[in-house]
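One structure below.
Quick note: residue numbers are just sequence positions, from 1.
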Amino acid sequence: MAHTHDHSGHDHGPGRVHGSTDKKRVLIAACLTGGFMVAEALGGILTGSLALLADAGHMLADSIALGLAWYAFHLGGRPATVRLTYGFGRVKTLVAYTNGIAIFVIALWIAYEAWGRLQAPAPVLGGPMLAVAILGLLVNIGSFFVLHGGDRESLNMRGAILHVLGDLLGSAAAIAAALVILATGWTPIDPILSVLVSLLILYTAWSLMREAAHVLLEGVPPSLDRDLIARDIEKTIQGVREVHHMHVWSLDGTSNMATLHACLDEGVDAHQAVSAVKKRLASEHGISHATVEPEFGQCADDGDDHEHDDGHEHGHEHEAAAYHDHHH
């Protein structure tokens, strides 16, 4: 069975604190990354190093991405509105997905440039390249540790960490390339290591995009099993005969939500049954926000365009006669 966390609301306690500290961490990392990016770009042009230019390209995109991540945290702290009834929490997931796309574009550009360098090797100044790469590594290590102390369950924070990790790997590759060039004079090592770093980043970027897309498509969180949760409610909540039309999704990768129809036995107090279902969902499954529609006899949706395949086909959320528990 899934989570056993006790969520009694929308995480305004620890979650709000995490969001505040994460916001500061991302801003610090954005300033560090953006500040050194200019120096590294100049170093790449002066030394003729693709590895430095590639890392500077990463840092340019990352400083922009970190700025967007900071703005996402800023928006995420705003309260819900009449038009955006769930608030701005999903902006962080959108930014995480956009970050993944940006990383793909940068990695493809590096691969294209590297191919050209391999066809026509260019001279590289190993000494200055090594000095700039070491400074870049120190800056990226600082940014990584600033972000590493944040909430790693947040897709937005993970996207920010991924960007800085890519920069860190790029600096390490540039150092290795500079050492090889100083020792042997073999310049093709510069584009070769640049491509290897790009491949590593592409793999992690794909993982981030896949998770963010799952949230945006309102898929069931990986840690939860909708059918097992429905069976658990039927077994443990007295008076609940059947659960169907159940949907489980996450608002932002951390706050889990659900809607469901609960078929009740005749004579059961609907309010007590719904309250018991909500408490069970929160305490045993980590679902902090639930909309439960109690039913007696025939399902209100029978005869509509809804499939009633043992209650687990996707339908619309029916909130007209629902019991809401927003925990605001």
Side-chain angles (χ1 to χ4, degrees), residues 1-16 79-80 82 84-87 89-90 153 214-215 217-328:
M1 213 160 286
H3 281 310
T4 57
H5 301 298
D6 185 6
H7 295 265
S8 57
H10 267 319
D11 299 330
H12 287 314
R16 179 65 62 87
V82 174
L84 295 169
T85 56
Y86 279 130
R90 191 158 279 185
E153 289 187 7
H214 189 75
V215 172
L217 290 171
E218 298 194 341
V220 178
S223 58
L224 301 178
D225 185 314
R226 181 195 60 174
D227 294 344
L228 284 179
I229 294 172
R231 300 291 79 80
D232 174 63
I233 292 172
E234 292 169 355
K235 291 177 182 177
T236 59
I237 306 300
Q238 188 174 5
V240 176
R241 186 176 72 256
E242 183 194 359
V243 170
H244 60 261
H245 283 322
M246 184 172 188
H247 304 271
V248 180
W249 73 100
S250 176
L251 187 64
D252 56 7
T254 56
S255 300
N256 298 325
M257 317 182 86
T259 61
L260 61 95
H261 292 194
C263 296
L264 307 180
D265 295 327
E266 292 298 328
V268 171
D269 185 298
H271 178 74
Q272 287 185 358
V274 169
S275 296
V277 169
K278 289 175 181 288
K279 288 177 182 177
R280 182 72 181 180
L281 289 173
S283 63
E284 296 299 319
H285 303 289
I287 297 175
S288 57
H289 179 120
T291 300
V292 181
E293 181 175 332
E295 296 175 341
F296 293 93
Q298 186 179 11
C299 174
D301 294 324
D302 283 355
D304 292 344
D305 292 332
H306 297 271
E307 293 290 336
H308 193 103
D309 181 16
D310 194 31
H312 297 302
E313 285 295 321
H314 290 288
H316 297 295
E317 298 166 21
H318 301 279
E319 304 196 5
Y323 282 69
H324 289 276
D325 184 11
H326 292 290
H327 294 300
H328 285 306

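Distance NE2/His289 to CG/Leu251: 9.0 Å, rounded to 0.5 Å. Taking CG of Leu228 as the reference point, atom NZ of Lys235 lies at 8.5 Å (rounded to 0.5 Å). Taking CZ of Arg231 as the reference point, atom CG of Asp225 lies at 10.0 Å (rounded to 0.5 Å). The structure places CD1 of Ile233 at 4.0 Å from CG of Leu281, a figure rounded to the nearest 0.5 Å. In this structure, OG on Ser283 lies 13.5 Å from NZ on Lys278, to the nearest 0.5 angstrom. Atoms OG and CZ, on Ser275 and Arg280 in that order, are 15.5 Å from each other to the nearest 0.5 Å.
Under the 3.5 Å distance criterion, with hydrogens and angles disregarded, no donor-acceptor pair is assigned to the side chains of Glu218 and His247.
Test Thr259, Ile287, Val215, Leu217 against Trp249 for side chain to side chain contact (heavy atoms under 4.5 Å, CB included) and you get one pass: Thr259.
When all heavy atoms of Val292 and Ala262 are compared, the closest pair comes out as CG1-CB, 4.0 Å. Of all the heavy atoms in Asp265 and Arg241, the pair that sits closest is OD1-CB, 3.5 Å. Here the closest non-hydrogen pair linking His214 and Pro222 is CD2-CD, 4.5 Å. Residues Ala270 and Leu264 approach most closely at CA-CD1, 3.8 Å, considering heavy atoms. Closest approach of Met246 and Ala230 over heavy atoms only: SD-CB, 3.8 Å. Taking each heavy atom of Ile237 and Ala273 in turn, the nearest pair found is CG2-O, 4.2 Å.
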Subject >> Val277 and Val243: CA distance, side-chain angles, deciding distance, side-chain contact (heavy atoms from CB on, under 4.5 Å) verdict >> reply: CA-CA 10 Å; Val277 169; Val243 170; over 6 Å; no
Original post:
Between Leu260 and Ile229, does a side-chain contact (heavy atoms from CB on, under 4.5 Å) hold up when you go through it step by step?
Top reply: CA-CA 11 Å; Leu260 61 95; Ile229 294 172; over 6 Å; no
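In this structure, Glu266 contributes its side chain and Phe296 its backbone to no donor-acceptor pair below 3.5 Å. In terms of modelled atom types and a separation under 3.5 Å, the side chain of Ser250 and the main chain of Ser255 share a donor-acceptor contact.
Considering only heavy atoms from C-beta on, Asp232 comes within 4.5 Å of His285 through its side chain.
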